[in-house]
Amino acid sequence: MTFERFRALHHGPEPLLLPNAWDHASAAALAEAGFAAVATTSLGVAAAAGLPDAEQATWAQTVTLARGIATLGVPVTVDIEGGFGGPPARVAERAAELAAAGVAGINIEDGRGQGLAEVAEQVALIGAIKQQVPRLFVNARTDPFWLRAPDALATAVHRVKAYADAGADGVFVPGAAGEPQVRALAAAAPVPLNVLIQPQVPVARLAALGVARISYGSLLFRAALRAAVTTALQVAAGAPVPGDLPSYEQVQRLRHRPGLPDPA
C-alpha cells in the first residue's frame, strides 16, 4: 500500500514536491503541513548527530529515524548515502531492513568522496537491492555535476540510463540547473527524473521540462540552523520573541500524527 502510494506520486499530474527532514519532529511537522511524502537528508541527519556526511558514519541514526517516521502516515523515503559500505548483498540487507520498518523508498548515490563510483559497482548495488526488495522505490542519484566531473551532462545521461536498466525506479541528478540540462536529462531518463528545487525555475516550469520529483535536499535543515541562530541573536539584542512560533503543545503533538497510535 505505502509502496504503491509512493510510486504513484511520481506519475501524477504534478511533480512530487518532496521535503527533506532530519529528525522526527521535522518529519512530523512536514507531514502535518500536508506534504504527500517526506524524505530524509543525510547531511541533516549526520550534522544533527555531530557526525560527517557521506562517510558511512550514520547507519544507526538513519535506521532509528526511519523506524520512527515510517509511522507518520505518509510515505517516507530515506537517504542511505552510498549504501553505508560493504558488498551489494549487505547494502541490500540494509534496504530490506528499512522496507520492513515501513519505508517506501531509498535514495542511493554514486558519489564517493571526490569521485564517482564505477558504473558497474553502482549497477550491482541497485540490482542487489531490487532483487531483495522489489517493491522498494530505489532513487538512484548520480553526482557528476556536484563533483564537477568533465562532461558532466554526458556522464549523467550515461549513468541514469545504466541505473534505470539495473532496475532503479527513479533517477536523481543534483546540481543540474538551467532548462537545457534539465530538459536533456528528462529526455534521456527512462524513469522519473528527480532534481533539486530551483528557486529560479518555478515548479510548473520544471514539470513542463519533464521533471517528476523535486527534492529540497539539505535546504530546510540549513534554513532551520540559520533561523535558530538569528532568533537567538535577535532576542539577545532585545528584539521581541517572534509571535508565530509553534507552541509547546504543538511540538509535543509532533511525536505522532493525529489518529495514529502512540509509537511504542
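- With respect to E32 and R253, no salt bridge is recorded, no charged nitrogen being found less than 4.0 Å from a carboxylate O.
- Hydrophobic clustering, with ILVMFWY side chains joined whenever heavy atoms are under 4.5 angstrom apart, groups F35 together with F221.
- Judged as a side chain to side chain donor-acceptor pair (under 3.5 Å), and not counting sequence neighbours, T155 has no contacts.
- Distance check: L98 CG to L65 CG gives 10.0 Å after rounding to the nearest 0.5 Å.
- Screening residues 219-240 for side-chain hydrogen bond (donor to acceptor under 3.5 Å, both in side chains), with sequence neighbours left out, gives S218-R222.
- Residues V103 and G105 share a closest heavy-atom pair of CG1-O, 3.0 Å.
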Distance-only check: which donor-acceptor pairs under 3.5 Å involve side-chain atoms of residues 175-189, not counting sequence neighbours?
unit_1: E179; atom_1: OE1; unit_2: R205; atom_2: NE; d: 3.3
unit_1: E179; atom_1: OE1; unit_2: R205; atom_2: NH2; d: 3.0
unit_1: E179; atom_1: OE2; unit_2: R205; atom_2: NE; d: 2.9
unit_1: Q181; atom_1: OE1; unit_2: A177; atom_2: N; d: 3.0

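- For R135, the side chain to side chain donor-acceptor pair (under 3.5 Å) test picks out no residue, with sequence neighbours left out.
- Placement of L206 and L193 within a single hydrophobic cluster is found when ILVMFWY residues are connected by side-chain heavy-atom separations under 4.5 Å, directly or transitively.
- Other residues, nucleotides and ligands contribute at most 12 non-hydrogen atoms within 6.0 Å of the CD atom of E118.
- Using a 4.5 Å heavy-atom threshold, the side chains of T77 and R213 count as touching.
- Here I108 contributes atom CD1 and I106 contributes atom CD1; the two are 5.5 Å apart, rounded to the nearest 0.5 Å.
- For P192 against H11, the heavy-atom pair with the smallest separation is CG-CE1, 3.7 Å.
- T58 contributes no side-chain N or O that, together with a main-chain N or O of Q61, makes up a donor-acceptor pair within less than 3.5 Å.
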What side-chain donor-acceptor pairs closer than 3.5 Å can you find for residues 138-152, not counting sequence neighbours?
unit_1: N139; atom_1: OD1; unit_2: V171; atom_2: N; d: 3.4
unit_1: N139; atom_1: ND2; unit_2: N107; atom_2: OD1; d: 2.8
unit_1: N139; atom_1: ND2; unit_2: N194; atom_2: OD1; d: 3.0
unit_1: R141; atom_1: NE; unit_2: D143; atom_2: OD1; d: 2.7
unit_1: R141; atom_1: NE; unit_2: D143; atom_2: OD2; d: 3.4
unit_1: R141; atom_1: NH1; unit_2: E109; atom_2: OE1; d: 3.2
unit_1: R141; atom_1: NH2; unit_2: D143; atom_2: OD1; d: 3.4
unit_1: R141; atom_1: NH2; unit_2: D143; atom_2: OD2; d: 2.8
unit_1: T142; atom_1: OG1; unit_2: D110; atom_2: OD2; d: 2.7

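- Between atom CG of residue L72 and atom NE2 of residue H24 there is a gap of 4.5 Å, rounded to the nearest 0.5 Å.
- Between the OG1 atom of T41 and the CG atom of D53 there is a distance of 7.0 Å, given to the nearest 0.5 Å.
- There is no path of hydrophobic side-chain contacts, each under 4.5 Å, that joins V191 to L18.
- For the residue pair P246 and V251, the shortest heavy atom distance occurs at CB-CG2, 4.0 Å.
- Residue L116 comes nearest to R159 through the heavy atom pair CB-NH2, 3.7 Å, listed as atom of the first residue, atom of the second, then distance.
- Judged as a side-chain hydrogen bond (donor to acceptor under 3.5 Å, both in side chains), the pairs with a partner in residues 168-177 (not counting sequence neighbours) are, in order, R7-D169, K130-D169.
- Contact check for L9 versus R5: no side-chain heavy atoms found under the 4.5 Å cut-off.
- The existence of a salt bridge linking R67 and E97 is confirmed by a sub-4.0 Å separation between a basic side-chain nitrogen and an acidic carboxylate oxygen.
- Residue I80 is grouped with residue V63 when hydrophobic side chains (ILVMFWY) are merged at heavy-atom distances under 4.5 angstrom, including chains of intermediate members.
- Grouping the Ile, Leu, Val, Met, Phe, Trp and Tyr side chains by contacts below 4.5 angstrom, directly or via other members, places L43 apart from V173.
- Taking the six-membered ring for Trp and thresholds of 30 and 60 degrees, F137 and F6 have ring planes more than 60 degrees apart, a perpendicular arrangement.
- Checking side-chain atoms of R90 against main-chain N and O of G83 turns up no donor-acceptor pair under 3.5 Å.
- No hydrogens or angles considered: nothing links the side chains of T40 and D79 as a donor-acceptor pair under 3.5 Å.
- Across all their heavy atoms, L125 and P88 have their closest contact at CD2-CA, 3.7 Å.
- Checked by atom type and distance alone, the side chain of N20 pairs as donor or acceptor with a backbone atom of Y216 at under 3.5 Å.
- No more than 12 heavy atoms of other residues, nucleotides or ligands sit less than 6.0 Å from atom CD of Q114.
- Crowding of Q131 atom CD: a count of heavy atoms from other residues, nucleotides or ligands under 6.0 Å not exceeding 12.
- The minimum heavy-atom distance linking A21 with V38 is given by the pair CB-CG1, 4.0 Å.
- Proximity of L30 to L220: side-chain heavy atoms (C-beta onward) are separated by under 4.5 Å at one or more points.
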